[in-house]
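By convention in this document, chain letters (A, B, ...) are assigned in the order of the sequence lines, proteins followed by strands, and residues within each chain are numbered from 1.
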Amino acid sequence: MMNRTNSVLHAFIKFRGNSITISPFSSFQFGLQYGTHSHGSSVIDKITNLNDALNLFDVMSQRRPLPSIVMFTQLLNVVTKMKHFPSSLHLFNQMCSLGLPVNEYSMSIAIKCCCQLYRTNDGFAVLGSCFRRAIPPNVFIFNALLDGLVLEDKILEAENLFKKLIKQKLCEPDVVTYNTMIKGLCKFGNNVTALALLRLMEQTNCKPDIFTYNTIIDSLFKDKMIDDAFKLFKEMVSDKGILPNVITYNSLICGLCKLGRWDEASKMLKEMEDENISPDVQTFNVLVDAFCKEGKVEEAEAVINIMVERDKVPDIVTYSSLIDGYCLRGEMIKAREIFDSMTLRGLVPNVVTYSSLLNGYCKNRNIEEAMQMFRQMTGQGLKPNVVTYNTMLQGLFQVGRCVDARKLFNEMHAQGLIPDQCTYRIIVDGLCNNHLVEDALSLFQLMGDSKLNSDIVVYTILIDGAGKCGKFHIARNLFHGLSVKGLKPDVRTYNVMIGGFCREGLLGEAKLLFLKMEESGYPPNNVTYRVFLQGCLKNQHYDDVEMLLQEMDDRGYSLDASTLSLFIDDIAAGLLDRSMLKLLGKLVPKELIDDPSLCDWE
DNA sequence: CTAGGGTTAG
C-alpha cells in the first residue's frame, strides 16, 4: 500500500540535487521507518541515481540505533544494480566499519562486485573473511565467484571450482551454477562439454531452463553448427515444453543472418511474430547489422523505418552498424552524416562508433580525416582501445606513413594499452609492405620471447614480407628457425614458403616442402595448389603439373581463373597432351564456364 | 524482510 509518507519522500529524494543537508529529524528519516513494508514500495526502491543512494547511506549510518542490516543490504543492492561496483564495495566496507552484522546476503553482493570488476581474487579474499566470520558461504556466493572466473577467462579455475563444489559438497549446485559453468564452456567453444553438462542436469533436481538452452543454442550458432542448434531448439520446445523467448529468436536470427541464410532468418522472424513475441531493438539491430555487413544500406534503412513504426527507438548500436555499412560502400559523407545526426538524437557516440568511422576513413584512404576524428574522440574524453589503435595503425601504414605509425604505437604504449596479436600483425605487415623488412626484423628481435615471437601468423607475415622484398635468404632462415622457437608452421606458412621457393625458381625445394606438408599433418589446401601450380607454370617446369592436377581432382578442388589463364598459351600452342586437357576440363569450375567473358577461348 | 544467470555493434 502506498502511503502518504512514501510519496512525500519520493518528492524529497527528487529534491536532493540541491545539496540540502538533512536534519536528524527530517521527514526523510521519518519515512525510513516505514520504508520497507513487505507489500509496498520502499524509499530504497525509488532511488534512481548514485548520489541519492550515497546520501541515503550517510543518513542511515548516522542514525542511532542503526537501521537493520536488511535495509543496508537493500541499498547496497540498488547501487550494485546500477553497476557502480566500486561505490558498492566502498559502502560494504563502511557497513563493516559500522559494526553491522554482515551476512551471506551482503557478502554475496560484495563478492559479486569484486568479480564484476575483474577482481575475482579479491572476491576469494572476501570468501576467506566469510569463513573467519563463521558465515557459511552459500550457493549465491559460489555462483558469483564462478561467474567472475568465467568473466576473466579463467576457465580451468572455473571448472576446478565447479568440480570442487560438487565433490566436497560445499554447496548444492543449482540451475544458475550449471548455467554459469555452461556459459564458461561455451565461451571457450567447448560445446561438447556444455551439452554433456546439460544432460547431467537432466538427471538432477535442477532441470535445464530457457537460460541453459539459450546459452548453448547461441554457442552452437556461433560455431556454425546450425543443425545441432536447431535440434536443441526443437528439443527445448517439443520435448521440454520450454517456450522460446525473444533472446532465443535473436540468437537464431543472428546466426542465420551471419551465414547469409536470409530465407530461414525471415522464416524465424515470422515464426516469432506468430508466437506473439515481438521483436525488440536487438532483433532489429541484428537485421540492420546483417544488411550493413553486405553493404545493403537501403535494406538496413528500411528495417530502421519499420523499427520506428513499431515504436522501437534505434540506439547507438543501430547507428554504429549503419555507419559501418556506408563506410563499406565508401560513402563516407553519408557515414559522417549519420555519425553527426546521432548527437541530435541525444545519442552519444562511444569508442565503437568512433572506431567504425575511423575504420571507414582509413579503408578509404582518408587518413587526414581519420586523424582529426581520432583527436576529436580523445578530446571528448573517450579512451581509444586496442582496436581503435589497430585501425589507425593499419590506416597509416596503408598510406606509407610509417613514422606516424611508430608515433601512434608509442602513444598506445604510453596509454598503458597492451598491443594484441592483431597489432603486431598489422605492424609487421605494414613495415614489410613499405619495404622496411629490416625494421620489421629488428622489432621482431626486440620483442624477444613475447607474444610477437610466439605467433605463427606474425612469423608467416614476416617470412612472406622478406621474400617479397627480395630477401629470400632471410625468409628461409626464419622458416628454419621456427622449430627452435617451438613453433610449428601452419598451412599458410607452408604456402608462403612454397610461393617463395617458386619465386626464386627453386622448384625442387618447393616440391620437397609440398611433400612435407602432408607428412606434418597439414594436407595442402586449394591455396597450396594454386601457388605451386602457378610456380610450376611460370617456371616452365611441367614435370609435376599433371600430378598436381590429378591430386586436385581427387581432393575436389577446382582451378581459379588466374591459374587457368596461365594454361591458355600452352593449350593454344598444343603443348598439352589429351589426358592433360581432359583433366583440365574437369577442373574448370562451372561458374567460369558460364562466364560469357571466357567463352571465346579457341 | 536483503543476494545470482542468457542475446547484439569495431
| said: Among dA9(B), dG6(B), dA3(B), which nucleotide has an atom closest to any side-chain atom of F140(A)? | reply: dA3(B)
| query | What integer distance in Å separates I253(A):CD1 from dT8(B):C1'? | reply | 12 Å
| query | Taking OP1 and OP2 of dA3(B), is either one under 4.0 Å from a side-chain nitrogen or oxygen of N77(A)? | reply | yes
| query | Across the strands shown, which category fits T388(A) at heavy-atom distances under 4.0 angstrom: base, sugar-phosphate, nothing? | reply | base
| task | Check every strand shown and say whether D280(A) touches a base, only sugar-phosphate, or nothing at a heavy-atom separation below 4.0 Å. | result | nothing
| field | K258(A) side-chain N/O to dT8(B) phosphate OP1/OP2 under 4.0 Å | value | no
| query | Is there a side-chain polar atom (N or O) of K112(A) under 4.0 Å from OP1 or OP2 of dA3(B)? | reply | no
| query | With distance as the sole criterion, is a donor-acceptor pair present between the side chains of K164(A) and N160(A) under 3.5 Å? | reply | no
| Residue N214(A), side-chain heavy atoms: nucleotide from dG10(B), dG6(B), dT8(B) that is nearest | dG6(B)
| Does the dA9(B) base have a donor-acceptor partner in the side chain of S321(A) within less than 3.5 Å? | no
| task | Send over the distance from L328(A) CG to dG10(B) C1', rounded to a whole Å. | result | 13 Å
| Quiz item: N390(A) side-chain donor-acceptor pair to dG10(B) base, under 3.5 Å | no
| Minimum-distance nucleotide (side-chain atoms of V387(A) versus dT7(B), dG10(B), dT2(B)) | dG10(B)
| field | Between P of dT2(B) and CE of M71(A), the distance in whole Å | value | 12 Å
| query | Per the atom types in the model, does the base of dG6(B) pair as donor or acceptor with the side chain of T215(A) at under 3.5 Å? | reply | no
| query | What's the spacing between F140(A) CZ and Y105(A) OH if we round to 0.5 Å? | reply | 7.5 Å
| query | Within the modelled atom types, does a donor on one side and an acceptor on the other bring the side chain of S251(A) and the base of dT7(B) under 3.5 Å apart? | reply | no
| said: Could you tell me how far apart D324(A) (CG) and dT8(B) (C1') are, to the nearest whole angstrom? | reply: 13 Å
| task | Would you indicate what V351(A) reaches in the nucleic acid, counting non-hydrogen atoms under 4.0 angstrom: base, sugar-phosphate, or nothing? | result | base
| note | Between CG of N245(A) and P of dT8(B) the distance, given in whole Å, is 14 Å
| Residue Q282(A), side-chain atoms from C-beta onward, closest of dT2(B), dA3(B), dT8(B) | dT8(B)
| field | Pair of N/O donor and acceptor under 3.5 Å linking dT2(B) base with Q74(A) side chain | value | no
| Between OG1 on residue T423(A) and CG on residue L393(A), distance to nearest 0.5 Å | 7.0 Å
| In whole angstrom, what separates Y319(A)'s OH from dG10(B)'s P? | 18 Å
| task | Give a yes-or-no answer on whether the side chains of S320(A) and T353(A) include a donor-acceptor pair shorter than 3.5 Å. | result | yes
| message | Could you tell me if E411(A) and Y389(A) have a donor-acceptor pair between their side chains, going purely by distance under 3.5 Å? | response | yes
| task | Compare the aromatic ring of Y105(A) with the six-membered base ring of dA3(B) and state whether they stack according to the 5.5 Å and 30° rule. | result | no
| task | Answer with base, sugar-phosphate or nothing: what part of the nucleic acid does D289(A) contact at a heavy-atom distance below 4.0 Å? | result | sugar-phosphate
| task | Select base, sugar-phosphate, or nothing to describe what V246(A) touches, counting heavy atoms under 4.0 Å on all strands. | result | nothing
| message | Less than 4.0 angstrom from a charged side-chain N to a carboxylate O is my criterion; do K231(A) and D227(A) meet it? | response | no
| field | Short side-chain N/O contact to dG6(B) OP1/OP2 from K187(A), under 4.0 Å | value | no
| task | Can you tell me the distance, in whole Å, between the CG atom of L146(A) and the P atom of dA3(B)? | result | 21 Å
| task | For L287(A) and dT7(B), give me the distance from atom CG to atom P, rounded to whole Å. | result | 19 Å
| request: Compare the minimum distances between each of dT7(B), dT2(B), dT8(B) and the side chain of I247(A), then state the nucleotide with the smallest one. | output: dT7(B)
| Without hydrogens or angle criteria, can the side chains of D209(A) and T212(A) be said to hold a donor-acceptor pair below 3.5 Å? | yes
